[in-house]
S.K.: 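Take a look at this one; I'll ask things after.
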Amino acid sequence: MVQHRDFVTTVADHIGVTVDEARRAAEATIAALVRTVDEPQRQQVLDAVPTLLAEQVDAAPGPAWDEDDFVAEVSWLTGTAPEEARQRVQAVLYILSRQEPELVGELELPGDIRDLISDPAPGGGVTGPHGQTPPLTDDELAAALVNLPYWTGGHRALRRTIQLPEDNLRRVLDLVEGLRGEMGRAPDVERDGDTATLTVSTRSVDAVTRLDVDLAHRVDDAIADAGAGLASP
């Protein structure tokens, strides 16, 4: 179970806000999350967090249908601007995913809400005009692909194709899917026999962001860990 003081303090330290601001953000985010998921997952969230973090559940309008909806609810509950609320939601969900990876990985979230489960840069990081993580620029994308030799793609998505014997492929894909519990997200997978194509993209902006680059690197690490004798890219 998440420990109230440790959780709030970790959120505060992670994004450089006061403990009281982190507490309000955590309460509002948990409230919106509880109102958004269906039973029995609603009860699973409540069982995993302290009662103090679930005190605003009845005040949350919920359920939220997409990312902007979710952020708007937290913005309203905390009295903060949407851009500020988004960054705090990301921190709360990210820390929750680190402390309760199985729970967060199993949550069935509507729309693009899962994209909010990401690590905001210290101090809030760079955000787009609506507070979301911005698409990579041409130069940023080119630099990212230099360090991702197995990946191809453009501004909309990055893709890696792997071809392996069935048992090895299954093992690799299980490890890749396990990233959902660690990071709150995993690649989309299209499988055709002994070939699988992995795609990463941030749906909320319909583009490749730094979150996708981080995910692609983690996918490469997971594939390397599998030690499955991968074919050449």
Side-chain angles (χ1 to χ4, degrees), residues 1-2 7 11 14-15 25-50 53-54 56-78 80 82-120 127-128 130-133 157 173-174 176-190 198-212 214-215 218-219:
M1 180 177 181
V2 171
F7 185 82
V11 171
H14 199 69
I15 53 174
E27 291 173 351
T29 301
I30 296 301
L33 183 63
V34 170
R35 293 297 294 273
T36 294
V37 298
D38 294 330
E39 292 285 2
Q41 292 190 329
R42 181 173 301 172
Q43 191 58 50
Q44 288 177 292
V45 175
L46 290 172
D47 289 343
V49 301
L53 290 183
Q56 289 201 58
V57 169
D58 291 339
W65 300 113
D66 59 24
E67 180 180 338
D68 290 338
D69 234 11
F70 197 100
V71 171
E73 289 194 17
V74 174
S75 173
W76 179 74
L77 287 168
T78 57
T80 56
E83 294 82 0
E84 211 172 357
R86 183 180 298 271
Q87 182 232 11
R88 297 180 185 192
V89 166
Q90 287 177 316
V92 171
L93 293 179
Y94 174 73
I95 299 302
L96 184 62
S97 74
R98 302 289 291 182
Q99 297 190 7
E100 293 287 337
E102 291 186 9
L103 169 67
V104 175
E106 293 173 357
L107 291 179
E108 296 179 8
L109 299 172
D112 50 7
I113 292 174
R114 185 165 290 280
D115 286 341
L116 288 167
I117 309 173
S118 58
D119 184 8
T127 60
H130 302 292
Q132 74 274 38
T133 303
L173 294 182
D174 285 346
V176 168
E177 179 59 27
L179 294 174
R180 194 177 303 280
E182 298 177 27
M183 304 184 69
R185 58 202 304 258
D188 292 331
V189 178
E190 293 184 12
L198 313 178
T199 302
V200 297
S201 180
T202 301
R203 289 188 296 274
S204 59
V205 293
D206 192 28
V208 173
T209 70
R210 63 177 176 81
L211 303 177
D212 303 308
D214 291 343
L215 180 56
R218 291 297 301 276
V219 168

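Because the structure is a prediction, the values reported are computed rather than measured. Numbers here are sequence positions counted from 1.
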S.K.: Return the set of residues passing side chain to side chain contact (heavy atoms under 4.5 Å, CB included) with Glu108 (not counting sequence neighbours), or none when no residue passes.
M.R.: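 Glu108: side chain to side chain contact (heavy atoms under 4.5 Å, CB included) contacts with Gln41.
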S.K.: Under the side-chain hydrogen bond (donor to acceptor under 3.5 Å, both in side chains) rule, collect the residues that match up with Thr199, sequence neighbours excluded.
M.R.: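 For Thr199, no residue satisfies side-chain hydrogen bond (donor to acceptor under 3.5 Å, both in side chains) once neighbours in sequence are set aside.
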S.K.: Name all residues meeting the side chain to side chain contact (heavy atoms under 4.5 Å, CB included) criterion together with Ala64; count only those two or more places apart in sequence or in a different chain, and write none if there are none.
M.R.: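 Counting only residues at least two positions away or on another chain, Ala64 forms a side chain to side chain contact (heavy atoms under 4.5 Å, CB included) with Thr36, Asp69, Phe70, Glu73, Ile113.
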S.K.: Would you sort out whether Arg114 and Leu107 count as a side chain to side chain contact (heavy atoms under 4.5 Å, CB included), showing the intermediate values?
M.R.: CA-CA 9 Å; Arg114 185 165 290 280; Leu107 291 179; 3.9 Å; yes
S.K.: Decide yes or no on side chain to side chain contact (heavy atoms under 4.5 Å, CB included) for Val74 and Arg86, but give the supporting numbers first.
M.R.: CA-CA 8 Å; Val74 174; Arg86 183 180 298 271; over 6 Å; no
S.K.: I would like to know whether Leu96 and Ile30 meet side chain to side chain contact (heavy atoms under 4.5 Å, CB included); could you show each step before the answer?
M.R.: CA-CA 10 Å; Leu96 184 62; Ile30 296 301; 4.2 Å; yes
S.K.: Please list all pairs passing the salt bridge (Lys or Arg N to Asp or Glu O under 4.0 Å) test where one or both residues lie in residues 26-38, with sequence neighbours left out.
M.R.: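 Qualifying pairs, neighbours excluded: Arg23-Glu27.
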S.K.: So, using side-chain hydrogen bond (donor to acceptor under 3.5 Å, both in side chains) as the criterion, who are the partners of Glu177 when residues are at least two apart?
M.R.: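 Glu177 satisfies side-chain hydrogen bond (donor to acceptor under 3.5 Å, both in side chains) with Arg180 once adjacent residues are dropped.
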S.K.: Over all heavy atoms of both residues, which pair between Phe7 and Ala26 is shortest? Give the atoms and the distance, please.
M.R.: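 Here Phe7 and Ala26 meet closest at CE2-CB, 3.9 Å.
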S.K.: For Thr78, check side-chain hydrogen bond (donor to acceptor under 3.5 Å, both in side chains) against everything at least two apart and list the hits.
M.R.: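 Residues passing side-chain hydrogen bond (donor to acceptor under 3.5 Å, both in side chains) with Thr78: Thr80.
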S.K.: Just jot down the side chain to side chain contact (heavy atoms under 4.5 Å, CB included) partners of Ala91, sequence neighbours excluded, or say none.
M.R.: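 Ala91: side chain to side chain contact (heavy atoms under 4.5 Å, CB included) contacts with Val11, Ile15, Pro120.
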S.K.: Sequence neighbours excluded, which residues qualify as side chain to side chain contact (heavy atoms under 4.5 Å, CB included) partners of Trp76?
M.R.: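 Pro61.
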S.K.: Heavy atoms only: give me the nearest Pro82-Val71 pair and the separation to one decimal.
M.R.: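 Heavy atoms only, the tightest pair is O-CG1, 3.5 Å.
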S.K.: Quick one: side-chain hydrogen bond (donor to acceptor under 3.5 Å, both in side chains) partners of Glu84, sequence neighbours excluded?
M.R.: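 Arg88.
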S.K.: Name all residues meeting the salt bridge (charged side-chain N to carboxylate O under 4.0 Å, His left out) criterion together with Asp206; count only those two or more places apart in sequence or in a different chain, and write none if there are none.
M.R.: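 In terms of salt bridge (charged side-chain N to carboxylate O under 4.0 Å, His left out), with neighbours along the sequence ignored, Asp206 is linked to Arg156.
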S.K.: Any donor-acceptor pair under 3.5 Å linking the side chain of Asp112 with the backbone of Glu67?
M.R.: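 Flag set: sc Asp112 to bb Glu67 pair under 3.5 Å.
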S.K.: Could you walk me through whether Leu173 and Leu198 pass side chain to side chain contact (heavy atoms under 4.5 Å, CB included), step by step?
M.R.: CA-CA 9 Å; Leu173 294 182; Leu198 313 178; 3.9 Å; yes
S.K.: Treating Asp212 as the side-chain partner and Thr209 as the backbone partner, does any N or O pair qualify as donor plus acceptor under 3.5 Å?
M.R.: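 Flag set: sc Asp212 to bb Thr209 pair under 3.5 Å.
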